[in-house]
Every structure is written in structure tokens, then in C-alpha cells.
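Predicted, not measured: the structure shown is a model, and the values here were computed from it.
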Amino acid sequence: QAQLVESGGGLVQAGGSLSLSCAASGRTFSGYSMGWFRQAPGKEREFVAVISRSGSSTWYKESVRGRFVISRDNAKNSLYLQMSNLKPEDTAVYYCAARDSLMWSTREAEYTYWGQGTQVTVSS
């Protein structure tokens, strides 16, 4: 099993930047493909970004591509999401998730382990 804990959320003005972290414990972190998802008030949780087990492959939700960067440090059992040029519509609870598979996925249902989430609020 994997335990995931997000940190780094907060309040930021539109156009600002924020960096999220996800600390993993339990099974070997490098064995998981990892994703970031988010859930805005009154909306379903949605895919944001995914990274392969080695970190060599990434994929992004179209609306965040070019503004967000997902990365990982397997030696530190950590996942990151660097967010820049933030917009009010990025306001949500952000979750990291782990998938015990070689293949990464954008589908929420295919992730087994989830963190508790961290709030990101972007003011206009």
C-alpha cells in the first residue's frame, strides 16, 4: 500500500504561482505512475496531470498545459506540481494519486491510492 500526503496549497492572486508536493510512503514509490487531480466546488473531480514511473513521460489537461509542470523525485518519494499563471478557475482541492501500473492513465477510477487533498484558491 501507499500513503500519500499533499502540501503546499494556499491562497494566491490570479497570475501568481504555487507549488504542490505529495509525499509518499509505503511501497516503493518508483513502482507507481502518479497523477494530480482536482475538484472544484460543486463539480466532479477531474484529471490535471500525470507522470510515468520513471518521470520520462507526462501528460496534461489541455487547460493547464504550458502553465503547470508535473515532476517527481523517486529518491525522495515525492511528487510535485508547479503551477504558474494561475487563474480563478484553477481554484479546487488538489489530490495526488498513485496507480500501480507501468501504464499511466488520466482516468480517476484507475488510481488506487489517494491523498487527502490540499486547497488551492486563486483570487481575481
Side-chain angles (χ1 to χ4, degrees):
Q1 290 192 349
Q3 291 79 44
L4 306 173
V5 179
E6 302 95 336
S7 62
L11 174 64
V12 64
Q13 288 188 334
S17 299
L18 209 56
S19 183
L20 304 183
S21 298
C22 173
S25 60
R27 272 191 53 186
T28 304
F29 178 67
S30 60
Y32 296 104
S33 58
M34 298 295 296
W36 285 100
F37 292 77
R38 67 187 182 187
Q39 186 169 22
K43 296 187 177 181
E44 294 186 351
R45 189 154 56 184
E46 65 177 6
F47 164 78
V48 175
V50 63
I51 189 167
S52 63
R53 297 192 305 184
S54 67
S56 60
S57 297
T58 59
W59 190 254
Y60 298 89
K61 176 182 173 64
E62 183 61 34
S63 64
V64 309
R65 187 171 292 129
R67 300 189 296 121
F68 291 12
V69 177
I70 186 172
S71 63
R72 66 189 295 164
D73 186 336
N74 286 343
K76 295 182 178 180
N77 292 342
S78 293
L79 174 74
Y80 307 100
L81 185 68
Q82 178 64 42
M83 305 182 292
S84 59
N85 191 20
L86 282 161
K87 304 176 180 180
E89 52 263 42
D90 294 319
T91 294
V93 177
Y94 283 70
Y95 299 89
C96 66
R99 182 169 190 253
D100 188 5
S101 173
L102 175 63
M103 301 299 293
W104 52 261
S105 172
T106 64
R107 297 180 60 190
E108 176 183 353
E110 296 185 358
Y111 285 79
T112 305
Y113 305 107
W114 292 83
Q116 82 290 350
T118 186
Q119 177 70 47
V120 172
T121 303
V122 184
S123 63
S124 58

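With hydrophobic clusters built from ILVMFWY side chains whose heavy atoms lie under 4.5 angstrom apart, V93 does not share a cluster with V48. Residues V120 and V64 are members of one and the same hydrophobic cluster, defined by side-chain heavy-atom contacts under 4.5 angstrom among Ile, Leu, Val, Met, Phe, Trp and Tyr. Residues V69 and L20 are members of one and the same hydrophobic cluster, defined by side-chain heavy-atom contacts under 4.5 angstrom among Ile, Leu, Val, Met, Phe, Trp and Tyr. Cluster membership check: L4 does not share its hydrophobic cluster with W114, using side-chain heavy-atom separations under 4.5 Å among Ile, Leu, Val, Met, Phe, Trp and Tyr. Connection of M83 to F47 is not established within any shared hydrophobic cluster, with ILVMFWY side chains joined at heavy-atom distances below 4.5 Å, either directly or through further cluster members.
By the 4.5 Å heavy-atom criterion applied to side chains, R38 and T91 are not counted as neighbours.
One distance of note links CD1 of I70 with CE of M34; it measures 8.0 Å at 0.5 Å rounding. Rounding to the nearest 0.5 Å gives a distance of 8.5 Å between OG of S21 and CG of L79. Expressed to the nearest 0.5 Å, how far CG of N77 lies from CD of Q3 amounts to 11.5 Å. A distance of 11.0 Å separates OG of S30 from CG of D73, quoted to the nearest 0.5 Å. For the atom pair CH2 (W104) and CG (L102), the distance works out to 12.0 Å, reported to the nearest 0.5 Å. Put simply, CG on L81 and OG on S71 are 8.0 Å apart, with the number rounded to the nearest 0.5 Å.
A 6.0 Å sphere centred on CD of Q116 holds more than 12 heavy atoms belonging to other residues, nucleotides or ligands. Residue W59 places its CH2 atom among 12 or fewer non-hydrogen atoms of other residues, nucleotides or ligands, all under 6.0 Å distant.
When atom types are taken as modelled, the side chain of T118 and the backbone of S7 share no donor-acceptor pair closer than 3.5 angstrom. Y60 places no side-chain N or O within 3.5 Å of a backbone atom of R67 that could act as its donor or acceptor partner. Checking side-chain atoms of S101 against main-chain N and O of M103 turns up a donor-acceptor pair under 3.5 Å. The backbone N or O of G117 sits less than 3.5 Å from a side-chain atom of E6, completing a donor-acceptor pair. With hydrogens and angles ignored, the 3.5 Å screen pairs no side-chain donor or acceptor of R72 with any backbone N or O of G55. With hydrogens and angles disregarded, no donor-acceptor distance shorter than 3.5 Å links the side chain of S56 to the backbone of S54.
Between S33 and R53 the shortest heavy-atom distance is N-CG, 3.5 Å.
Y113 is linked by a ring pair (Phe, Tyr, Trp, His ring centres under 6.0 Å) to Y32, counting only residues two or more places apart in sequence or in another chain. For S124, the side-chain contact (heavy atoms from CB on, under 4.5 Å) partners at least two apart in sequence or on another chain are P88. Not counting sequence neighbours, the partners of E108 by the salt bridge (charged side-chain N to carboxylate O under 4.0 Å, His left out) test are R45. Here E62 pairs with R65 under the salt bridge (charged side-chain N to carboxylate O under 4.0 Å, His left out) rule; sequence neighbours left out. In this view, Y111 and F37 satisfy the ring pair (Phe, Tyr, Trp, His ring centres under 6.0 Å) rule, not counting sequence neighbours.
Pairs of residues two or more places apart, or lying in two chains, never qualify as ring pair (Phe, Tyr, Trp, His ring centres under 6.0 Å) while including a residue from residues 65-95.
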